[in-house]
Amino acid sequence: MANQPIDRFKSQVFHILSEIPKGECIAYGELAKLAGFPGYARQVGSLMKNLPKDTKLPWHRVINAQRRISFAENTDGYLRQKEKLEKEGWVIVGSKLTFNENSIKK
DNA sequence: CGCAGGGCCCAAG
DNA sequence: TCTTGGGCCCTGC
């Protein structure tokens, strides 16, 4: 298509996303930046939105810069992401995402 | 061609 | 911690 840069951007995003190891997380902005398109955070969100349910990409490891899940708590997207993250050692502390390294801080 | 909106980001209060 | 307000880029109507 005409949007080659964007097309590459998408590919990069998906690639990077697939390379994210368990226990790691990345912000939309960071992801976009690594993809070579700093400032395209919103587009990353659009891509996530477009992801199929059967995707094997760890989209749940993508969070916002505030280190929070960008969904409202009453949405199933939030719940799904939360579950996956918790399985990988993440914990929700006051709406904030925190990595549980062996033991939660105090 | 303009406008609203999105899994955003950042700074203030 | 939450709410505003500005800016970021792209898509859809």
Side-chain angles (χ1 to χ4, degrees):
Chain A
M1 306 296 274
N3 295 331
Q4 289 198 343
I6 293 302
D7 210 52
R8 286 242 326 167
F9 167 65
K10 292 195 252 182
S11 301
Q12 286 299 314
V13 171
F14 293 138
H15 178 250
I16 294 171
L17 195 52
S18 64
E19 295 288 296
I20 298 178
K22 178 181 176 184
E24 282 280 303
C25 74
I26 188 171
Y28 295 91
E30 287 292 308
L31 189 51
K33 198 187 301 178
L34 291 179
F37 293 76
Y40 280 55
R42 303 179 86 156
Q43 294 319 98
V44 175
S46 293
L47 294 180
M48 301 294 110
K49 181 170 46 173
N50 249 292
L51 282 176
K53 318 173 251 206
D54 58 358
T55 182
K56 68 283 176 227
L57 292 174
W59 60 272
H60 53 268
R61 290 180 192 146
V62 183
I63 58 178
N64 64 11
Q66 330 302 316
R67 230 166 162 78
R68 308 224 264 61
I69 294 177
S70 300
F71 285 110
E73 300 180 13
N74 56 332
T75 62
D76 64 300
Y78 172 88
L79 297 175
R80 283 204 305 264
Q81 184 165 13
K82 178 172 170 293
E83 283 185 55
K84 289 168 179 273
L85 290 173
E86 291 184 328
K87 268 197 230 175
E88 302 192 350
W90 290 89
V91 288
I92 308 298
V93 180
S95 310
K96 282 174 294 199
L97 212 47
T98 308
F99 188 60
N100 178 13
E101 307 177 39
N102 293 315
S103 59
I104 303 178
K105 44 155 102 177
K106 330 190 193 73

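Residue numbering restarts at 1 for every chain, and letters A, B, ... go by the order of the sequence lines.
You'll find the side chain of A:Pro58 stays beyond 4.5 Å of the side chain of A:Lys84, heavy atoms only. Counting heavy atoms from C-beta outward, A:Thr55 and A:Phe14 have side chains that stay 4.5 Å or more apart. Annotation: side chain of A:Ser70 is not in contact with side chain of A:Ile63 (no heavy-atom distance under 4.5 Å). Two residues are said to be in side-chain contact when any heavy atoms from C-beta on lie closer than 4.5 Å; A:Leu79 and A:Phe71 fail this criterion. Side-chain contact between A:Ile92 and A:Glu86: present, with at least one pair of heavy atoms (C-beta onward) separated by less than 4.5 Å.
The separation between A:Ile26 atom CD1 and B:dC9 atom P is 11 Å, rounded to whole Å. Here B:dC9 presents its P atom at 10 Å from CZ of A:Arg42, a figure rounded to the nearest Å. Atoms CG (A:Asn50) and P (B:dG7) sit 10 Å apart, rounded to a whole Å. Between the P atom of C:dT1 and the CG atom of A:Leu97 lies a distance of 12 Å, rounded to the nearest Å. If you measure from atom NZ of A:Lys10 to atom P of C:dC10, you get 12 Å, rounded to the nearest angstrom. Rounded to a whole Å, the OH atom of A:Tyr78 is 20 Å from the P atom of B:dG6. Across the protein-nucleic acid pair, A:Phe37 atom CZ and C:dC10 atom P stand 9 Å apart, rounded to whole Å. The CG atom of A:Asp76 sits 12 Å away from the C1' atom of B:dG7 (whole-angstrom rounding).
Residue A:Val62 is in base contact, counting any heavy-atom pair closer than 4.0 Å across all strands shown. Within 4.0 Å (heavy atoms only), A:Gly29 reaches sugar-phosphate atoms of the nucleic acid but no base atom.
Among residues two or more places apart in sequence or in another chain, the side-chain hydrogen bond (donor to acceptor under 3.5 Å, both in side chains) test is passed with A:Arg61 by A:Glu88.
At B:dG7, one or more side-chain N or O atoms of A:Lys49 fall inside 4.0 Å of OP1 or OP2 (strictly under the cut-off). For the OP1/OP2 pair of C:dC10 and a distance below 4.0 Å, the side-chain nitrogens and oxygens of A:Tyr40 include at least one atom meeting the criterion.
If you check residues 63-75 of chain A against DNA chain B, the residues with a heavy atom closer than 4.0 Å are A:Asn64, A:Ala65, A:Ser70, A:Phe71, listed by number.
Among B:dC9, C:dC10, B:dG7, the nucleotide with an atom closest to any side-chain atom of A:Ala41 is B:dC9. If you check C:dC10, C:dT1, B:dG7 against the side chain of A:Lys96, the one that comes closest is C:dT1. Here the side chain of A:Gln43 is nearest to one of C:dC10, B:dC9, B:dC8, namely C:dC10.
For B:dA12, the paired nucleotide is C:dT3, the pair qualifying as Watson-Crick or G-U wobble because both relevant distances are below 3.5 Å.
Taking 4.0 Å as the cut-off between side-chain N and carboxylate O, A:Arg80 and A:Glu83 do not count as a salt-bridged pair.
When the P atom is compared between B:dG7 and C:dG6, the two are found 22 Å apart, to the nearest whole Å.
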